[in-house]
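Beneath this line is the structure, given in structure tokens, with notes to follow.
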Amino acid sequence: MGICHQVNLEHLAKVVQVRDVGGKKVAIPDTLMGTDSHTTMVNGLGVLGWGTGGIEAEAAILGQPAYLAPPIVVGVRFLGALPAGSTATDLVLTLTEMLRKHGVVDKFVEFCGDGLSSLSVPDRATLSNMCPEYGATSALFPVDQQTLRYLQVTGRDREQIDLVERYAKEQGLFRVDGAATPKFSELLELDLSKVESSLAGPKRPQDRVPLRDAWSSFTTVFTPGPRPEPEAISRLTQEGGPINGRATVAVAAKPEATVENGSVVIAAITSCTNTSNPSVMIAAGLLAKKAVELGLTVKPYVKTSLAPGSRVVTDYLKTADLLEPLEKLGFFLVGYGCTTCIGNSGPLASPEIEAAVSKEDLSVVAVLSGNRNFEARIHPLVKASYLGSPPLVVAFALAGTVHKDLTKDPLGQTADGKPVMLSDLWPSQDEVNEVVQRCVKEEMFRREYSRIFEGDEHWKSMEAPTGPIFAWDPESTYVKEPPYFDGFSAQPKALTDIDGARVLVMVGDSVTTDHISPAGSIPIDSPAGRYLIEKGVDRFAFNSFGARRGNHEVMERGTFGNIRLRNALASREGYWTRHFPDGGEVTIFDAAQRYKAEGVPLIVLAGKEYGTGSSRDWAAKGPLLQGVRAVIAESFERIHRSNLVGMGILPLQYVPRENAHLLGLTGRERYTIHGLDTIKPGQLVEVEAVADDGKATRFSTRCRVDNETEVGYLHHGGILPLVLRELIAKK
């Protein structure tokens, strides 16, 4: 029915809740703790919400406390208003770049300033949604006139809107222009008038690049060399020859359509980040309408899709007569949910394209209106991915390449050969506002959300087992009984030192949960792919890791299974490592199995920002099943650190000005971690690494087990064994 974050924003959030306390009705601020990092989207409505890992959420559901340390609060003061041609997407990419550079991990961000009056709640929600990308715990906007206006447009009851206004004003929480800047731990400032049209990529959401510099950002990473003249491309294509070490390829008997380095093969309007915002969605529709009127078409090698986070989006696009021009350019509705942004893009536009990209090792591109563009997340064959606003997604689908400066190069030509510039298609803010005012109606929200809990005919027709205990199907390759309680005892074993551990993987900075546990397609020649084939699953029925997360056999084999993972122990990218002491290169899964049979514990060595991205439980569950006992990193992303502790894996942080490189570690040593039997929150833990020649390197790390409850999780081997033992003790 929609993406949960957009449903929260458009329907579930109340801003002010009313609770029965001692027989009296008491108004309190609305808050949310959600099992996804993008829970923060609701902050745009003035609701304090943050994401947590599913492991921690399971514990909360089962009665365990959830801890959040008193945060440092970083204020961001907005001045001015966005200039013509710039969107909320451009603003959020600018903000993400700025806050990542400042450093806001484990901090709250709170917005203030008169510039807020120019930002609608959908604009604000775009900024709050990408809170995980800049690393903060939450990103809160104040309640003001824009909040009340949005509550009305989305069909909230008049009584609730009045309560929000009265409560916020009584409590001093209602923002007005000219108000004094609140006190913050730190304060930053951003002039909205200086925000320019931007993309982010080609590998990380914080790597913002002005639209005019898209090609230079691509070549900086992929260095495909200068582009040949069109005549040379045509000649070499006909001869089947390589071009700068690559080859252009005819697509589906259309020799005029060639795929090369920089070609856009996926253009997706996707993700609640932008589909929650009528302004950018309508801008995309208006741009498509003008393009169709001028006779422009999308290149045949571009796979296009439209996946809104809410059914209301297609309602207002239809009302505005903008759905049809989007469809004429190939942007057909594929569903209301997370698609391309999480890797559910499916195959490329044709098997010929996939074969050509793979054979010639082409560096092709995805452009999407999502929030994450980590390596291999969007599609395993797509090396470069750029985040951009919905109208820019349409523009790049028309251009078919990032080897154009869309600020000055034509997107295409009319039938009579006249060049068409992006400026010819880009709608004015007045055009967008007129359509928003005319076509985004309160009754649309009321109608769609009146049936939000019903489900469609597929949902209603599904058969589901009943009874107090789940009946596991031993033949299922989707849902299998997990081994977390294998060897379970009523009393936990004593926590002991990690002795003689080997390094399973040694990675650098910004390793994401997508690197650790991919959610996208399952490679046929990977350990997970081979497992499914052995179970009789046809390769075309593999589905994705995300769809098979109920089967630990698939997920353990997919751990560290990203085809772009760079493990310093291996000679190639992907799911490879070395088994020591013999040094043979094998898959990470096979190495883990061998170490397990040998009784050797495992650790991971990492750089800064380990575990950024999605709050993916399997990025902690998978390493645990592979035998990982500890991760030593320069810094951790908040939710992933919590997930590691929740599964009984010890997170250790190098002390300042130390890391694996500076300590001379190679990852081939044997590691012993001392003093775990008396571990305390935040204490220094000694590590000893012994090389093959007997040389010992000793260094201190900071234990990132942050409170006594987390110490208990380690002693019990994770949250789930702890909860089960507590339940047993109560009987």
Side-chain angles (χ1 to χ4, degrees), residues 33-36 50-69 106 468-470 472 480-498 501 513 516-517 549-550 552 555-556 559 596 601-604 611 615-631 636-653 673 675-683 685 702-731:
M33 181 177 172
T35 55
D36 188 281
W50 63 88
T52 185
I55 298 166
E56 187 177 358
E58 287 172 0
I61 290 168
L62 294 169
Q64 291 296 306
Y67 285 88
L68 191 68
D106 285 330
I469 298 175
F470 185 79
W472 301 99
K480 188 170 183 178
E481 184 174 9
Y484 304 127
F485 297 114
D486 289 356
F488 178 82
S489 60
Q491 296 297 323
K493 298 176 182 176
L495 191 61
T496 59
D497 291 352
I498 299 172
T513 52
I516 305 167
S517 183
R549 69 181 103 182
H552 66 276
M555 301 307 291
E556 182 183 351
T559 300
K596 194 179 299 183
L602 301 174
I603 66 171
V604 171
S615 56
R616 192 161 296 157
D617 302 355
W618 273 105
K621 291 176 177 176
L624 175 75
L625 295 181
Q626 288 185 343
V628 172
R629 295 279 308 280
V631 177
F636 293 89
E637 203 75 353
R638 177 182 61 89
I639 294 177
H640 185 60
R641 185 210 63 83
S642 173
N643 279 341
L644 289 173
V645 177
M647 293 309 296
I649 296 175
L650 176 65
L652 298 175
Q653 192 162 316
I673 301 173
L676 301 190
D677 56 335
T678 58
I679 197 164
K680 301 292 182 187
Q683 78 173 52
V685 172
R702 180 72 61 186
C703 169
R704 286 303 315 277
V705 180
D706 292 350
N707 53 64
E708 290 293 344
T709 297
E710 291 189 340
V711 172
Y713 296 161
L714 279 187
H715 277 283
H716 283 267
I719 288 176
L720 297 180
L722 169 66
V723 171
L724 182 55
R725 290 186 178 107
E726 288 188 351
L727 291 173
I728 291 172
K730 291 177 182 178
K731 288 190 177 292

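Atom SG of residue C703 and atom NZ of residue K680 lie 11.5 Å apart, to the nearest 0.5 angstrom. With rounding to the nearest 0.5 Å, the separation of CG in L644 from CG in L650 is 9.5 Å. Note: H716 NE2 to F488 CZ = 9.0 Å, rounded to the nearest 0.5 Å.
For the residue pair R725 and A490, the shortest heavy atom distance occurs at CD-O, 3.3 Å. For the residue pair G53 and D617, the shortest heavy atom distance occurs at C-OD1, 3.9 Å. The minimum heavy-atom distance linking S517 with R616 is given by the pair O-NH1, 2.9 Å. Across all non-hydrogen atoms, the minimal contact from V628 to I603 is CG1-CA, 4.4 Å. For the residue pair H552 and P482, the shortest heavy atom distance occurs at ND1-CA, 3.7 Å.
In this view, T52 and E56 satisfy the side-chain hydrogen bond (donor to acceptor under 3.5 Å, both in side chains) rule, not counting sequence neighbours. Partners of T35 by side-chain hydrogen bond (donor to acceptor under 3.5 Å, both in side chains), not counting sequence neighbours: none found. Residues forming a side-chain hydrogen bond (donor to acceptor under 3.5 Å, both in side chains) with D36 (at least two apart in sequence, or on another chain): H5.
When side chains are defined from C-beta on, V604 does not count as touching P623, because their heavy atoms never get closer than 4.5 Å. By the 4.5 Å heavy-atom criterion applied to side chains, E58 and I719 are not counted as neighbours. Annotation: side chain of I516 is not in contact with side chain of W618 (no heavy-atom distance under 4.5 Å). Using a 4.5 Å heavy-atom threshold, the side chains of I498 and P601 count as touching. Counting only heavy atoms from C-beta outward, the side chains of Y67 and E710 never approach each other to under 4.5 Å. For the pair D677 and T496, the minimum side-chain heavy-atom distance is 4.5 Å or more.
Without hydrogens or angle criteria, N643 side chain to A620 main chain gives no donor-acceptor distance under 3.5 Å. With hydrogens and angles ignored, the 3.5 Å screen pairs a side-chain donor or acceptor of R641 with a backbone N or O of R704. Of the possible donor and acceptor atoms, none in the side chain of R629 sits under 3.5 Å from a partner among the backbone N and O of L624. Put simply, the side chain of S642 never gets that close to the backbone of R638: no donor and acceptor are under 3.5 Å apart. Side-chain N or O atoms of K596 include one that pairs as donor or acceptor with a backbone N or O of L625 at under 3.5 Å. Between the side chain of R702 and the main chain of Q683, no donor-acceptor pair closer than 3.5 Å is present.
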From CA spacing to verdict: side chain to side chain contact (heavy atoms under 4.5 Å, CB included), Q64, L722:
CA-CA 10 Å; Q64 291 296 306; L722 169 66; 3.8 Å; yes
Test side chain to side chain contact (heavy atoms under 4.5 Å, CB included) on V685 and L676 and set out the steps.
CA-CA 8 Å; V685 172; L676 301 190; 4.2 Å; yes
Using the rule given for side chain to side chain contact (heavy atoms under 4.5 Å, CB included), can you reason through W472 versus K480, listing the C-alpha separation, both sets of side-chain angles and the distance that settles it, and then say yes or no?
CA-CA 7 Å; W472 301 99; K480 188 170 183 178; 5.6 Å; no
Give the intermediate values and the outcome of side chain to side chain contact (heavy atoms under 4.5 Å, CB included) for residues V705 and Y713.
CA-CA 9 Å; V705 180; Y713 296 161; over 6 Å; no
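Counting heavy-atom neighbours within 6.0 Å of R549 CZ, excluding the residue itself, gives a total of 12 or less.
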